[in-house]
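Each residue takes its place number in the sequence, starting with 1. Each ligand, and each atom within it, is numbered from 1 in the order the structure gives.
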Amino acid sequence: MIAVLKKTATKDQIESLKGWFENKGLKVNESQGEFCTVLGLIGDTTQVDIEMLMGLDIIETVTRVSEPFKQANRKFHPEDTVVDCGGVKIGGGHFAVMAGPCSVESREQIIETAKRVQDAGATMLRGGAFKPRTSPYDFQGLKEKGIDLLLEAKAATGLPVVTEIMNPDHLPLFKDIDLIQVGARNMQNFELLKELGKTNKPVLLKRGLSATLKELLMSAEYIMSEGNPNVIFCERGIRTYETYTRNTFDLSAVPILHELSHLPVVADPSHATGKRSLIKPMAMAATAAGADGLEIEVHPDPSKALSDGAQSLTPEMFTDVMAQVTKVRGIL
Ligand code: PEP
Ligand code: MN
């Protein structure tokens, strides 16, 4: 349920109404907008008498939220949420580009990539340390060592870092990571989501391989309902019958998620298409669709990459993509 308060409501009146809801066992999520205050009520609202509330001077409207996602819902929080990832803001007009290799492979590789993507205009460094691979015989990532190397690259460049977590027991290793990624394969790992919800770390929640947008929103709700509001969605393509591309980039997810939720939405054209030649047009398209940021794989020598070489850009190609994306941003 949401209660929209009149502009004239005083601080004292708002506090007293919040106390009244809390006494009924409800959790109150207050969202201060430019024109009104919205109180989102979480819990069993069957006891709340809508008619009685509507009779109060300070109430503009009261409506029941029928969607099962509450805290991620834009109705609860009409303003865009801005998530701060180690000083880089994402959402509400703040655009971030996270670039770097699929996997952290060596000190030289990650530091060189970090410098090259930073020179091209990236604002965050990506790199997998724990890798979710389809085959157990493929490179599984440098694990703890990979995290250390990412942090070295951060120290060398100042770029905040994003990397994937697969196991909630690994959380202590991520204490200096600026944005923790939940990969597509773990979007419905509910125990992992709940543990991330108990932290206040920004979480990049990637859409599952065959997840609906409602399922994605419900996964965000798992994190938020534990108390962590710092969630960013990532559209990374879904499974369809098309085989030319690795996945099918569902670009409509970007404006749909913006309609339904106040959380930022990032797009990943690399995993969505699987093909280097498609990254530039799809990065431009995602930007035009209103994405709050991009996640793009870049490798100093893609032919030698230990994972996802076919979709990795060279630093030169990434420089060109950044120039085109900047042009698109300029006309929005
Ligand atoms: C990744 O970004 O490294 C990754 C594995 O992506 P996804 O979870 O979207 O497949
Ligand atoms: Mn990859």
Distance only, no hydrogens: is a donor on one side chain within 3.5 Å (strictly under) of an acceptor on the other, for Arg133 and Gln140? no
Considering both backbone and side-chain atoms of Cys102, is one of its nitrogen or oxygen atoms within less than 3.5 Å of a nitrogen or oxygen in ligand 1? no
Please identify which atoms of ligand 1 are closer than 4.0 Å to at least one heavy atom of Lys131. 3 (O)
Ranked by distance from atom 4 (C) of ligand 1, the top protein heavy atom is His271 NE2, 3.5 Å
Taking atom types as modelled and ignoring hydrogens, do the side chains of Ser16 and Gln13 form a donor-acceptor contact shorter than 3.5 angstrom? no
Residue Gly183 vicinity, atoms of ligand 1 by number, heavy atom under 4.0 Å: 8 (O)
Counting only heavy atoms not in Arg64, do more than 12 sit closer than 6.0 Å to its CZ atom? yes
Any nitrogen or oxygen of Asp268 lying under 3.5 Å from a nitrogen or oxygen in ligand 1? Just yes or no. no
Rounded to 10°, how big is the angle at the Mn ion (ligand 2) from Asp308 OD2 to Glu297 OE2? 130°
Classify the side-chain pair Ser307/Ser103 by whether it contains a donor and acceptor separated by less than 3.5 Å. yes
For Glu164, the ligand 1 atoms with a heavy-atom partner under 4.0 Å come out as 4 (C), 5 (C)
Report the distance from atom CG of Asn247 to atom CG of Leu209, rounding to the nearest 0.5 Å. 6.0 Å
Output the list of atoms in ligand 1 that are nearer than 4.0 Å to some heavy atom of Arg185, sorted by atom number. 7 (P), 8 (O), 10 (O)
the protein heavy atom lying closest to atom 8 (O) of ligand 1 turns out to be Ala184 N, 2.7 Å
For the metal site, I want the angle between atom NE2 of His271 and atom SG of Cys102 with the Mn ion (ligand 2) at the apex, to 10°. 160°
Taking Ile42 as the starting point, is it possible to reach Leu26 by hopping between hydrophobic residues whose side chains are less than 4.5 Å apart? no
Determine, step by step, whether Asp178 and Lys201 satisfy the salt bridge (Lys or Arg N to Asp or Glu O under 4.0 Å) criterion, reporting the C-alpha distance in whole Å, the side-chain angles of both residues, the deciding distance to 0.1 Å, and the verdict. CA-CA 7 Å; Asp178 301 286; Lys201 282 273 183 199; over 6 Å; no
In this structure, atom 6 (O) of ligand 1 is nearest to the protein heavy atom Lys206 NZ, 3.0 Å
Could you tell me, atom by atom, which parts of ligand 1 come under 4.0 Å of a heavy atom of Arg236? 7 (P), 9 (O), 10 (O)
Heavy-atom distance under 4.5 Å between the side chains of Leu213 and Arg207, does that happen here? yes
Which residue supplies the protein heavy atom nearest to atom 3 (O) of ligand 1, what is that atom called, and how far is it? Arg126 NH2, 2.9 Å
Side-chain donor-acceptor pair under 3.5 Å between Asp308 and His271, yes or no? yes
